[in-house]
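Report on the following structure.
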Number of protein chains: 2
Amino acid sequence: MRNSLADVVAAALRVLDEQGLENCSMRRVAAALDVQPSALYHHVPNKQTLLALMADEIVLGVGPRVTTVSGAGTAGDPRRLCIDLREAMLAVRDGADVVATATAFRLGRSRIENSLAQLVGSDGARTLLLYTFGHAQSTQTHRQAAALGALVDAGAAVAGPPAAAPPAAASPAADPAAGAITARADRPAVDLTVDPAVDLDASFGRGLDLILAGLAAREAAEFVTQ
Amino acid sequence: MRNSLADVVAAALRVLDEQGLENCSMRRVAAALDVQPSALYHHVPNKQTLLALMADEIVLGVGPRVTTVSGAGTAGDPRRLCIDLREAMLAVRDGADVVATATAFRLGRSRIENSLAQLVGSDGARTLLLYTFGHAQSTQTHRQAAALGALVDAGAAVAGPPAAAPPAAASPAADPAAGAITARADRPAVDLTVDPAVDLDASFGRGLDLILAGLAAREAAEFVTQ
DNA sequence: ACCTGAACACCGTTCAAGT
DNA sequence: ACCTGAACACCGTTCAAGT
């Protein structure tokens with residue numbers, strides 16, 4: 001016996017984290033295992049299935065915390081669950097895309113959506129889940145773009161009038177009016193990745209609170225109606 | 001003069017809608033224009049830029065409705081705007097993925113996020129926007145999987161014990177406990193695409209209302225605090 | 001059970017060259 | 001300005017065959 005399915009999934013996750021989703025090919029996963037590409041098809045019927053298994057692995061540790069210790073982490077906090085989910089996805093490169101896509105297939109039947117549903121009902125669960133996916137995917141894409149832009153941007157100063165929309169990655173300040181202000185300082189553009197105007201972790205928390213406030217308001221309304 | 005940039009974008013959108021994102025290759029777009037693949041690079045520096053232009057086109061008509069006619073559509077309704085945005089994305093195959101990815105690059109600077117921000121503030125805007133993206137992407141992926149599963153599923157009845165997770169598209173009822181109940185009726189599984197347990201359009205509306213309720217609650221709280 | 005080797009029908013992008 | 005033709009370094013998947 002040489003490689004197990006678990007080996008394949010683990011190798012695929014390594015490749016994903018190191019090279020990103022667009023470079024996470026069956027051929028590269030095979031290479032990481034020192035094996036021919038065709039060997040993977042003994043373990044997995046196709047790439048889509050492998051991606052689904054990777055998604056399961058990424059969110060494996062995420063679930064309701066049933067530690068009955070009184071204190072910070074109360075049992076079954078929906079806010080905590082969403083934050084944990086987001087962090088698990090952000091922990092591996094392009095993890096949000098992989099998990100969101102795989103979960104969409106089983107919409108309404110995923111383990112995490114069910115956990116959330118027990119805490120806040122099915123409408124609240126789906127809203128929280130899909131908001132979390134949307135925010136995580138945006139965060140991850142935005143950060144990668146910023147990181148890539150920071151590498152490119154010394155050479156990208158003046159390139160002539162762009163006939164249409166400029167390539168997204170090249171121009172951090174996409175607004176043409178702001179271009180003249182920001183462009184062409186001699187200092188390297190250090191703070192692109194940080195971008196204090198958009199602290200995405202804090203932004204996520206505020207959105208979460210907004211949804212939870214909506215749930216609380218609904219509960220209060222139902223109480224009055226009774 | 002033969003093809004303009006607009007021609008290229010239009011052709012790309014046609015290919016996207018007919019063949020889906022994974023088949024929307026530069027080579028196929030070129031073929032749709034009766035042109036060599038290399039010709040596209042006269043209009044566009046790379047595929048990513050083309051996708052961004054397609055995204056802009058998909059959401060072109062979406063914006064605050066400033067019709068001052070008293071009645072159904074009041075000026076600048078955030079709920080209407082999100083629904084319009086979602087419908088515009090769902091109207092073209094894989095449109096949600098394309099738009100969500102392109103918008104992530106300009107997070108905080110997109111036209112639609114700004115429109116929303118004027119109505120509900122920046123936190124509310126981002127929450128609504130990213131929830132809308134998350135829900136639309138899930139909806140679109142789920143529907144495509146269901147449609148695909150409906151084609152396959154006659155032959156997919158019994159295939160032996162799946163060592164790990166089964167390919168997502170093949171098994172509509174992923175829960176192993178539910179399998180014995182649902183599996184192997186002689187009738188064709190007609191209602192897979194409809195799936196009344198998950199009416200995703202209504203689901204989206206309820207989540208939207210939840211977020212808007214949270215915003216209203218926050219406003220009320222601030223009013224009290226003053 | 002797990003893998004090799006070869007093949008098939010594809011990709012995005014570059015570049016010299018044409019009109 | 002817009003396009004061709006050829007090339008480069010890749011894809012996912014299949015299939016007969018080996019051990």
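Each chain gets a letter, A, B and so on, in the order its sequence line appears, and its residues count up from 1. It should be emphasised that the depicted structure is a prediction, and the values quoted were computed from it without experimental measurement.
- A salt bridge links B/Arg143 with B/Asp201; the closest basic N to acidic carboxylate O contact falls under 4.0 Å.
- Under the 6.0 Å cut-off for aromatic ring centres, A/Phe133 and B/Phe133 do not qualify, their centroids lying 6.0 Å or more apart.
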remark   = Its dot-bracket string being built from Watson-Crick and G-U pairs below 3.5 Å, with | for another strand and [ ] for crossing, DNA chain D has the pattern ||.|||||...|||||.||

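- Remark: the backbone N or O of B/Val62 is paired with a side-chain donor or acceptor of B/Arg111 at under 3.5 angstrom.
- Listed by chain and residue number, nothing satisfies the side chain to side chain donor-acceptor pair (under 3.5 Å) test with A/Ser38 (two or more places apart in sequence, or in another chain).
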Identify each atom pair where a protein N or O and an N or O of nucleotides 11-18 of chain C are less than 3.5 Å apart, giving names and distance.
from	atom 1	to	atom 2	distance (Å)
C/dC11	OP1	B/Ser25	OG	3.1
C/dC11	OP1	B/Arg28	NH1	2.7
C/dG12	OP1	B/Met26	N	3.1
C/dG12	OP1	B/Lys47	NZ	3.0
C/dG12	OP2	B/Met26	N	2.9
C/dG12	OP2	B/Arg27	N	3.4
C/dG12	N7	B/Arg27	NH1	2.4
C/dG12	O6	B/Arg27	NH1	2.9
C/dT13	OP2	B/Tyr41	OH	2.7
C/dT13	OP2	B/Lys47	N	3.0
C/dT13	O5'	B/Tyr41	OH	3.3

task = Let me see the working for A/Arg93 and A/Asp17 under salt bridge (charged side-chain N to carboxylate O under 4.0 Å, His left out), right down to the final yes or no.
result = CA-CA 5 Å; A/Arg93 215 220 285 200; A/Asp17 196 43; over 6 Å; no

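- Between the CD atom of A/Gln36 and the C1' atom of C/dC2 there is a distance of 13 Å, rounded to whole Å.
- The NE2-C1' distance, from B/His43 to D/dC2, rounds to 6 Å in whole Å.
- The one candidate from B/His142, B/Gln137, B/His135 that meets the side-chain hydrogen bond (donor to acceptor under 3.5 Å, both in side chains) condition with B/Thr139 is B/His135.
- Between the CG atom of B/Asp34 and the P atom of D/dC3 there is a distance of 11 Å, given to the nearest Å.
- Counting only distance, with no hydrogens or angles, the side chain of B/Glu113 and the backbone of B/Thr103 share no donor-acceptor pair below 3.5 Å.
- Residue B/His42 places no side-chain N or O under 4.0 Å from the OP1 or OP2 atom of D/dT4.
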key: Verdict with supporting geometry, B/Val35 and B/Arg2, side-chain contact (heavy atoms from CB on, under 4.5 Å)   = CA-CA 10 Å; B/Val35 136; B/Arg2 280 161 279 187; over 6 Å; no

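- D/dC10 and C/dC8: their C1' atoms are spaced 15 Å apart (whole Å).
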